[in-house]
Protein chains: 4
Amino acid sequence: MGSTAQPRRGGDTRQRIQDVALELFAEQGYEKTSLREIAEHLDVTKAALYYHFKTKEDIVISLFQDLARPVDELIAWGESQPQTLEVKKEVLRRYSDSLAAAAPLFRFMQENQATMRDLSVGETFKSRMLRLLELLQQPEGTMSDRVRCFTAIFTMHAGMLALRDVEGDPEEKQEAILEVATDLMVRSQGVTE
Amino acid sequence: MGSTAQPRRGGDTRQRIQDVALELFAEQGYEKTSLREIAEHLDVTKAALYYHFKTKEDIVISLFQDLARPVDELIAWGESQPQTLEVKKEVLRRYSDSLAAAAPLFRFMQENQATMRDLSVGETFKSRMLRLLELLQQPEGTMSDRVRCFTAIFTMHAGMLALRDVEGDPEEKQEAILEVATDLMVRSQGVTE
Amino acid sequence: MGSTAQPRRGGDTRQRIQDVALELFAEQGYEKTSLREIAEHLDVTKAALYYHFKTKEDIVISLFQDLARPVDELIAWGESQPQTLEVKKEVLRRYSDSLAAAAPLFRFMQENQATMRDLSVGETFKSRMLRLLELLQQPEGTMSDRVRCFTAIFTMHAGMLALRDVEGDPEEKQEAILEVATDLMVRSQGVTE
Amino acid sequence: MGSTAQPRRGGDTRQRIQDVALELFAEQGYEKTSLREIAEHLDVTKAALYYHFKTKEDIVISLFQDLARPVDELIAWGESQPQTLEVKKEVLRRYSDSLAAAAPLFRFMQENQATMRDLSVGETFKSRMLRLLELLQQPEGTMSDRVRCFTAIFTMHAGMLALRDVEGDPEEKQEAILEVATDLMVRSQGVTE
DNA sequence: CATGAATGAGGATTCATTCAT
DNA sequence: TATGAATGAATCCTCATTCAT
């Protein structure tokens, strides 16, 4: 179903597999997407997929490697900065952008957590979240503060998918989400001035 | 957990299927839990499951029917009340309780959204969420207000599972979550008053 | 392809699977015999095989369990007897019978040793051989004696298959083999007498 | 085993394929050794193997051609000699050496007989064995004599592998085996002399 | 109320092989 | 000499489901 019937020559097959896989994984879930299906969408044989990826899980892993880098860099940056409010705001701002850029992947993650859990890459992801949290939290915060902080991050994740089928302009939504998240984070920093 | 090891004779098989199924679905996900597995946990044959439920999906549906009722009642109650702040707070309070009571089911839902989506019961659930949102929202709120409101609900869902592997006393956590959620909702009601 | 087209009713399927499997394994080797092939020979689905055996290897294991028992009993008997020459001769005699009774299985083993090696049941089998050897050997025999003894056993194994496509009446062959084996064993018992 | 780690440039690839293939075939069996595996061990692509050998079976055939020659020469020599006892002993002695020299190949054959059977080269091998037997046998021997003779040869084959995981110095073992084999053969020559 | 036996469809994965470059 | 990319056929195995008993 490409524009022409002949196999596109060029070294792009690996990339195309990733694209289609992400699309289908996000749409139908990991388990319900078979390699046959992916192959058919690409007009290739299942075996061709195995030339490029050792296993189905490997495809997911590769997806994460490509798209988690921005977050890793963000965390690294955050950890190298002083823990000021301004830095924390910037972290959220950048995180918002990362999420927007990798929207389908994050949607996939959010909607397939049960699967993620035993997908090896899951642990990796969870630990990233924890480091992000650390970046934002006050060490001696109350439980509510911690919840606020964690909600700040989670709001963005949830926003990615739950607001999809709500009204409004995407950019506006993203901004609103960031605003709420920032607000939550700020309020979690304790009564201090 | 019968007093002796022998299979309980009596009409509780259906219930036991639901219990085990919920446990396994929540733990491993819907697709990765096979009827064989459920049957084995119960020391019954797969065929026995089919005596009690027409299909695998039917088990999930029955789970929802039992556990969604409280939420339905909550929504009905909310819709019958005036839209005061106090009522809205009460809605959140009760919703928090419902979630706590049905924790495994909600965890299951949260972690298997991709699956839920084509499980017929999915739509049902989304619409419930929307009615709940409606209950809390100001009609003419800004986008940020809407996000806040929606985050209030989502915080509770997320808290269910994400705080599981964080520190602290469960009850304290639940309260903190409710507090943050209420706060978010209150702040979404506009500058008024 | 049974005499009639309808599925034979009766609890014999498991047995029939074993029969056909053994036949095909012996004829073509383990790896080259697919479950599809076995199923086709039985006019059943592959899935039916999995109802009766958890895995392909399980079929082999079951084959061994049924047929190794005589050998186990023989070893047990031998170990309970005094180590006289007469007993040792009897051991060989009985072993010869066991082999004749389980000829196809032993042929299978002999011809698929590479496969046996990682078939879990292989170890089991090797250890049986060693105990059998122990039964026949003089503790302080020379190396040649040990080789003779071991050859006595091996002759029988080899005879099973190698003499198949050589001339002569089966019974006569079996007897000749037993004679040679016994002779070898006797000569291995040291200069004594 | 090149002095450095870099791939040996030079025309020895074909040889290296044979070496690695034989090693893996002997270790794991023919069917369980994939061309991918062989290629990986050599740090080459599968396609490279196909430059040197038309097919997987071709590799085995080439292995046999290289290593069966000594046996062929031995047989030819034997057939050109008078059928004296001394010649027969010499045949066994030389055969023992051939086996020792080509141990892995013979181990491979012994352990993969089922596979050999439809590997085209199988027949060839069996016929060699028969000619060898002819060389040693008395035409009018009894069945026991024939068995003895055949056991003489088989002892050596079996010794190759079965004594591997028994005790003792390899050379000593080989000698013991040859001694027993010779003894068997001698005893098969009839009461005469 | 439940089992024993089976099915059909489909899953991921692996293999020997090919061919243009 | 070799590789990169791909294929087609087959593999073992699992699943939800059915039905006579």
Side-chain angles (χ1 to χ4, degrees), chain A residues 7-14 17 31-39 42-59, chain B residues 7 9-14 31-39 42-59, chain C residues 7-14 17 31-39 42-59, chain D residues 7 9-14 31-39 42-59:
Chain A
R8 308 193 201 159
R9 293 272 151 235
D12 61 342
T13 305
R14 195 190 145 95
I17 294 175
E31 343 260 355
K32 308 235 307 181
T33 302
S34 70
L35 293 187
R36 178 182 52 67
E37 212 175 350
I38 297 179
L42 290 165
D43 254 315
V44 216
T45 6
K46 272 180 289 169
L49 304 186
Y50 279 93
Y51 176 76
H52 294 280
F53 297 94
K54 259 202 344 254
T55 126
K56 190 184 179 185
E57 184 171 351
D58 248 48
I59 301 183
Chain B
R9 295 271 151 237
D12 61 344
T13 304
R14 194 189 146 93
E31 343 262 352
K32 308 232 308 181
T33 303
S34 69
L35 293 186
R36 176 177 56 66
E37 212 175 349
I38 296 178
L42 289 165
D43 255 312
V44 212
T45 2
K46 267 181 295 172
L49 304 185
Y50 279 89
Y51 178 81
H52 294 282
F53 297 94
K54 249 185 23 225
T55 161
K56 190 185 180 186
E57 186 172 348
D58 252 46
I59 301 183
Chain C
R8 307 190 200 160
R9 294 273 149 234
D12 62 342
T13 305
R14 194 190 146 95
I17 294 175
E31 343 261 354
K32 308 236 308 180
T33 303
S34 71
L35 294 188
R36 177 181 52 68
E37 210 174 350
I38 297 179
L42 290 165
D43 254 313
V44 216
T45 4
K46 271 178 287 167
L49 304 186
Y50 280 94
Y51 176 77
H52 294 281
F53 298 94
K54 260 203 343 257
T55 108
K56 189 184 180 186
E57 184 171 350
D58 248 47
I59 301 182
Chain D
R9 294 274 151 234
D12 61 345
T13 303
R14 194 189 146 94
E31 345 259 355
K32 308 233 307 183
T33 302
S34 71
L35 294 188
R36 176 179 55 65
E37 211 174 348
I38 296 178
L42 289 166
D43 254 314
V44 212
T45 2
K46 267 181 292 171
L49 304 184
Y50 278 90
Y51 178 81
H52 294 281
F53 296 93
K54 246 184 28 223
T55 158
K56 189 184 181 187
E57 186 171 347
D58 251 46
I59 300 182

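In what follows, chains carry the letters A, B, and so on, assigned in the order in which the sequence lines appear, proteins first and then strands, with residues in each chain numbered from 1. Just so you know, these numbers come straight off a predicted model, no measurement behind them.
Residue C:T13 has a polar side-chain atom (N or O) positioned under 4.0 Å from OP1 or OP2 of E:dA6. Considering only side-chain N and O atoms, D:T55 lies under 4.0 angstrom from the phosphate OP1 or OP2 of E:dT17. Residue C:S34 places none of its side-chain N or O atoms closer than 4.0 Å to OP1 or OP2 of F:dA10.
If you measure from atom CG of A:L42 to atom P of F:dT7, you get 10 Å, rounded to the nearest angstrom. Between the CD1 atom of C:I38 and the P atom of F:dC12 there is a distance of 8 Å, rounded to whole Å. Spacing between atom CG of B:D43 and atom P of E:dA2 amounts to 12 Å, rounded to whole angstrom units. C:E31 has its CD atom 14 Å from the C1' atom of E:dT14, to the nearest Å.
Nearest heavy atom pair, residue D:L35 against residue D:L49, reads O-CD1, 3.6 Å.
Note that the CD1 atom of A:I38 and the CD1 atom of A:I17 stand 8.5 Å from one another [nearest 0.5 Å].
Non-hydrogen atoms lying under 4.0 Å from DNA chain F are contributed by A:T45, A:K46, A:A47, A:A48, A:Y51, A:H52, all within residues 45-54 of chain A.
Partners of B:R36 by salt bridge (Lys or Arg N to Asp or Glu O under 4.0 Å), not counting sequence neighbours, listed by chain and number: B:E40. In this structure, the side-chain hydrogen bond (donor to acceptor under 3.5 Å, both in side chains) partners of C:K32, at least two apart in sequence or on a different chain, are D:D118.
The nucleotide whose nearest atom lies closest to any side-chain atom of D:K56 is, among F:dC12, E:dT17, E:dG10, E:dT17.
Every pair passing side-chain hydrogen bond (donor to acceptor under 3.5 Å, both in side chains) that includes a residue from residues 49-58 of chain D is listed here, sequence neighbours excluded: D:E57-D:S120.
Projected onto DNA chain E by closest heavy-atom contact, A:R36 and D:E37 fall at different nucleotides, the more 5' of which corresponds to A:R36. Across the interface with DNA chain F, nearest-nucleotide mapping of B:L35 and A:R14 shows A:R14 to be the residue nearer the 5′ end.
When base pairs are accepted only as Watson-Crick or G-U wobble with both N-N or N-O distances under 3.5 Å, DNA chain E takes part in stems of 3 or more pairs at E:2-21 with F:2-21.
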